[in-house]
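To keep things clear, I will list the structure first and then write my remarks on it.
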Amino acid sequence: MNSRRNFLQKITFSAVALPFLTENVVAECNETKDKPYDGPPLRVAIMGLGGYGTRVAEAMQSCKRAKLTGVISGTPSKIKDWQAKYNIPDKNCYNYENFDNVKNNPDIDAVYVITPNALHKEQVIRVAKAGKHAICEKPMSVTAKDGREMVEACKKANVKLLVGYRMHFEPKTLEIIRMRKDGELGKILFFQGLCGFKIGDPTQWRLNRELAGGGAMMDIGIYAINGSRYMVGEEPVWVTAQETKTDPVKFKEGVDETIQFQFGFPSGAVASCLSTYNMNNLDRFFLNAEQGFAEMQPSTGYGPIQGRTNKGELMQPHVTHQTVQMDEMAAIILQGKKPIVPVDGEEAVKDLQIIDAIFEAVKSGKKVNL
Ligand code: NAD
């Protein structure tokens with residue numbers, strides 16, 4: 001770890017610790033938005049210049065604490081375009097063969113891995129071995145075992161591992177979490193998460209088990225899994241699941257089309273969720289509790305997120321998710337900030353364990369205990 005960052009962490013911690021102790025969501029968001037940040041930004045290289053990488057790069061232009069300083073890609077023409085657009089010097093450009101050399105690049109603090117799911121594990125471990133912080137897209141990997149190895153590698157290298165859970169910084173989501181934590185909803189009884197879309201091009205990597213690690217569950221069902229955990233505020237203790245496949249040509253062996261799954265939580269709360277690549281207009285969360293309810297639709301898209309509770313419409317402002325996420329991740333890495341909902345590798349392993357259990361429950365038809 002370079003001494004600049006150690007120094008920065010030391011001098012900024014005392015100054016930032018107090019305001020960050022509050023759990024007031026509005027204050028948290030305003031602080032990120034309004035408080036001028038005068039330390040050096042987190043300098044980030046994006047690996048994988050595809051659809052989502054492009055969105056993150058654009059959103060980062062509005063960041064106060066994070067800056068795009070490098071790229072890693074297998075396509076030289078894309079690197080050229082990004083260099084021109086984002087003013088990236090040749091010395092900060094890498095391909096998949098030579099990116100271990102970021103090790104010697106003082107312009108890059110962190111690498112954001114935005115490639116097909118099954119590549120994340122090896123790429124994140126290489127980033128860690130190069131001594132750089134890793135930010136990784138969801139799903140962090142394709143099995144819990146792989147996820148644990150990633151966590152270990154980053155620990156060993158003394159770098160942070162964060163996962164692109166952008167909803168963990170979304171103001172309306174955080175308001176519902178605040179209401180739940182403050183007891184305003186009473187005892188939580190039931191969560192429903194419906195996540196899906198009709199997928200197009202049958203040749204894309206998302207429908208290739210080798211690269212995707214599965215189908216809809218890895219890509220979109222994970223939002224219902226992760227959402228059920230932060231909305232209910234507990235970890236599930238059992239899972240049941242049922243798969244339906246209407247198009248076995250498009251959705252081959254190991255590529256799930258539609259899975260319905262259910263969770264039981266220690267308090268007795270239950271969840272019922274749907275993950276699919278074959279239905280549109282499915283982006284909905286519903287939380288029922290003894291003294292109220294919360295519903296969101298859209299619940300996990302790029303926004304604006306819309307929601308209401310028994311107290312009325314949620315009025316928190318729309319923010320560009322990826323801008324806030326990257327500013328908050330910079331604060332986590334540079335200033336030791338603790339997010340309201342964790343975004344670290346251990347958090348991602350919890351989702352992966354549940355995905356493993358869902359696949360096991362589909363196969364066996366039995367309830368799987370976690
Ligand atoms: P994409 O297909 O648009 O981009 C993937 C990129 O990876 C491309 O630039 C491609 O060239 C590159 N790549 C490198 N090695 C490759 C290989 N062997 N095969 C295929 N492509 C390879 O995909 P995307 O939508 O940008 O998704 C990338 C990751 O981001 C996925 O893990 C996905 O789950 C995640 N994602 C997250 C969100 C979110 O909201 N957090 C949204 C979309 C995607």
Problem - Donor-acceptor pair, side chain of Lys252 and main chain of Val249, under 3.5 angstrom - result: yes
Completion exercise
ring-ring contact (aromatic ring centres under 6.0 Å, His included) filter on Tyr277, not counting sequence neighbours, yields Phe197
Exercise for the section: Ignoring hydrogens and angles, state whether a donor on the side chain of Asn105 or Asn92 is under 3.5 Å from an acceptor on the partner side chain. Expected result: yes
Exercise for the section: Would you check if the side chain of Thr276 reaches a backbone N or O of Thr258 as a donor-acceptor pair within less than 3.5 Å? Expected result: no
Handout entry: Side-chain donor-acceptor contact under 3.5 Å, Asn280 with Lys198
Key = no
Problem - Donor-acceptor contact present, side-chain Lys250 to main-chain Ile199, <3.5 Å - result: yes
Completion exercise
Output for pair (Arg43 CZ, Leu334 CG), nearest 0.5 Å, gives 9.0 Å
Exercise for the section: Please say whether more than 12 non-hydrogen atoms of neighbouring residues, nucleotides or ligands are located less than 6.0 Å from CG in Asn101. Expected result: yes
Exercise for the section: Check for a donor-acceptor pair, side chain of Lys172 on one end and backbone N or O of Ile305 on the other, with a separation under 3.5 Å. Expected result: yes
Problem - Modelled atom types, side-chain donor and acceptor of Tyr112 and Glu137, under 3.5 Å - result: yes
Could you tabulate the donor-acceptor pairs under 3.5 Å formed by side-chain atoms of residues 349-361, not counting sequence neighbours?
from	atom 1	to	atom 2	distance (Å)
Asp351	OD1	Arg229	NH1	2.7
Asp351	OD2	Tyr165	OH	2.6
Asp351	OD2	Asn226	ND2	2.8
Asp356	OD2	Ala144	N	3.2

Exercise for the section: Using a 4.5 Å cut-off on heavy atoms from C-beta on, say whether the side chain of Val239 contacts that of Lys367. Expected result: no
Practice task
Taking salt bridge (charged side-chain N to carboxylate O under 4.0 Å, His left out) as the test, write out the residues that go with Lys85, two or more places apart.
Solution key: Glu58
Handout entry: Separation between CD1 of Ile176 and CD of Gln316, rounded to the nearest 0.5 Å
Key = 8.5 Å
Handout entry: Greater than 12 external heavy atoms within 6.0 Å of Lys129's NZ
Key = no
Exercise for the section: Step through the shown structure and confirm whether more than 12 heavy atoms of other residues, nucleotides or ligands are within 6.0 Å of CG on Asp201. Expected result: yes
Practice task
Examine distances only and state if a side-chain atom of Gln61 and a backbone atom of Ala57 form a donor-acceptor pair shorter than 3.5 Å.
Solution key: yes
Exercise for the section: Salt-bridge test for Lys337 and Glu328: reply yes if a basic N is under 4.0 Å from a carboxylate O, no otherwise. Expected result: yes
Handout entry: Hydrophobic cluster identity match, Leu282 and Tyr302, side-chain contacts under 4.5 Å
Key = no
Practice task
Return yes if some donor-acceptor pair links the side-chain N/O of Asp109 with the main-chain N/O of Leu42 below 3.5 Å, else return no.
Solution key: no
Problem - Leu207 vs Phe251, side-chain contact (heavy atoms from CB on, under 4.5 Å): CA-CA, chis, key distance, verdict - result: CA-CA 7 Å; Leu207 295 172; Phe251 305 102; 3.7 Å; yes
Practice task
Scan residues 222-249 for pairs that pass ring-ring contact (aromatic ring centres under 6.0 Å, His included), counting only residues two or more places apart or in two chains.
Solution key: His168-Tyr230
Handout entry: Joint hydrophobic cluster, Val142 plus Val368, side-chain heavy atoms closer than 4.5 Å
Key = no
Completion exercise
Scanning both residues in full, the closest heavy-atom pair of Thr320 with Ala59 reads CG2-CB, 3.9 Å
Practice task
Would you check if the side chain of Lys245 reaches a backbone N or O of Val255 as a donor-acceptor pair within less than 3.5 Å?
Solution key: yes
Fill in the blank from the handout: What one should report as the nearest heavy-atom pair of Ile125 and Glu149 is CD1-O, 4.3 Å
Practice task
For Asn98 and Asn95, indicate whether the former's side chain and the latter's backbone hold a donor-acceptor pair under 3.5 Å.
Solution key: yes
Exercise for the section: Would you check if the side chain of Asn288 reaches a backbone N or O of Phe190 as a donor-acceptor pair within less than 3.5 Å? Expected result: no
Practice task
Decide, yes or no, whether a salt bridge links Lys155 with Glu346 under the criterion of side-chain N to carboxylate O below 4.0 Å.
Solution key: yes
Practice task
Determine which pairs satisfy salt bridge (Lys or Arg N to Asp or Glu O under 4.0 Å) with at least one residue from residues 273-300, sequence neighbours left out, and list them in order.
Solution key: Arg284-Glu295, Glu295-Arg308
Handout entry: Tyr52 side chain to Gln322 side chain, donor-acceptor N/O pair below 3.5 angstrom
Key = yes
Handout entry: Any side-chain donor near an acceptor of the partner, Thr115 and Gln123, under 3.5 Å
Key = yes
Fill in the blank from the handout: Applying ring-ring contact (aromatic ring centres under 6.0 Å, His included) to Phe285 and not counting sequence neighbours gives Phe191
Exercise for the section: Only counting residues at least two apart or in another chain, list the ones meeting salt bridge (charged side-chain N to carboxylate O under 4.0 Å, His left out) with Arg206. Expected result: Asp219
Practice task
May I ask you to decide if Glu257's main-chain N or O and Asn278's side chain share a donor-acceptor pair within less than 3.5 Å?
Solution key: no
Handout entry: Residues Ile72, Val111; criterion side-chain contact (heavy atoms from CB on, under 4.5 Å); working and verdict
Key = CA-CA 9 Å; Ile72 300 163; Val111 174; 3.8 Å; yes
Would you tabulate the side-chain donor-acceptor contacts of residues 73-84 under 3.5 Å, counting partners in other chains and residues two or more places apart, or write 'none'?
from	atom 1	to	atom 2	distance (Å)
Ser73	OG	Thr75	N	2.9
Gln83	NE2	Ile88	O	2.8
Gln83	NE2	Asp90	OD1	2.8

Practice task
Mind checking salt bridge (charged side-chain N to carboxylate O under 4.0 Å, His left out) for Asp100 and listing every partner two or more places apart, or none if nothing turns up?
Solution key: Arg126
Practice task
Please go through Trp205's hydrophobic cluster and name the other residues, only I, L, V, M, F, W, Y counting, with side-chain heavy atoms under 4.5 Å joining them.
Solution key: Leu119, Leu211
Practice task
Check whether Leu194 and Met231 end up in the same hydrophobic cluster, where Ile, Leu, Val, Met, Phe, Trp and Tyr are linked by side-chain heavy atoms less than 4.5 Å apart.
Solution key: no
Handout entry: salt bridge (charged side-chain N to carboxylate O under 4.0 Å, His left out) against Lys91, all qualifying residues, sequence neighbours excluded
Key = Asp107
Handout entry: Any donor-acceptor N or O pair under 3.5 Å, side chains Glu170, Gln325
Key = no
Practice task
Can you measure from CG (Asn117) to CD (Glu210) and round to the nearest 0.5 angstrom?
Solution key: 12.5 Å
Fill in the blank from the handout: Paired with Phe261, the side-chain contact (heavy atoms from CB on, under 4.5 Å) test is passed by just one of Val362, Ile225, Thr240, namely Ile225
Problem - Note, Phe286 side chain near Gln297 side chain (heavy atom, < 4.5 Å) - result: no
Exercise for the section: Measure the shortest side-chain to side-chain distance between Met140 and Leu161 over non-hydrogen atoms and say whether it is less than 4.5 angstrom. Expected result: yes
Side chains of residues 265-275: which donor-acceptor partners sit under 3.5 Å, not counting sequence neighbours?
from	atom 1	to	atom 2	distance (Å)
Ser267	OG	Glu234	OE1	3.4
Ser267	OG	Glu234	OE2	2.6
Ser267	OG	Ala269	N	3.2
Ser275	OG	Met217	N	3.4

Practice task
Apply side-chain contact (heavy atoms from CB on, under 4.5 Å) to Glu184 and Lys311, showing your working.
Solution key: CA-CA 10 Å; Glu184 291 176 23; Lys311 293 187 174 159; 2.9 Å; yes
Handout entry: Distance in Å, Thr173 OG1 paired with Met296 CE, rounded so as to fall on 0.5 Å steps
Key = 3.5 Å
Practice task
State the CG-CD1 distance between Asp182 and Ile177, to the nearest 0.5 angstrom.
Solution key: 12.0 Å
Fill in the blank from the handout: Value for CE (Met326) from OG (Ser62), rounded to nearest 0.5 Å, stands at 13.0 Å
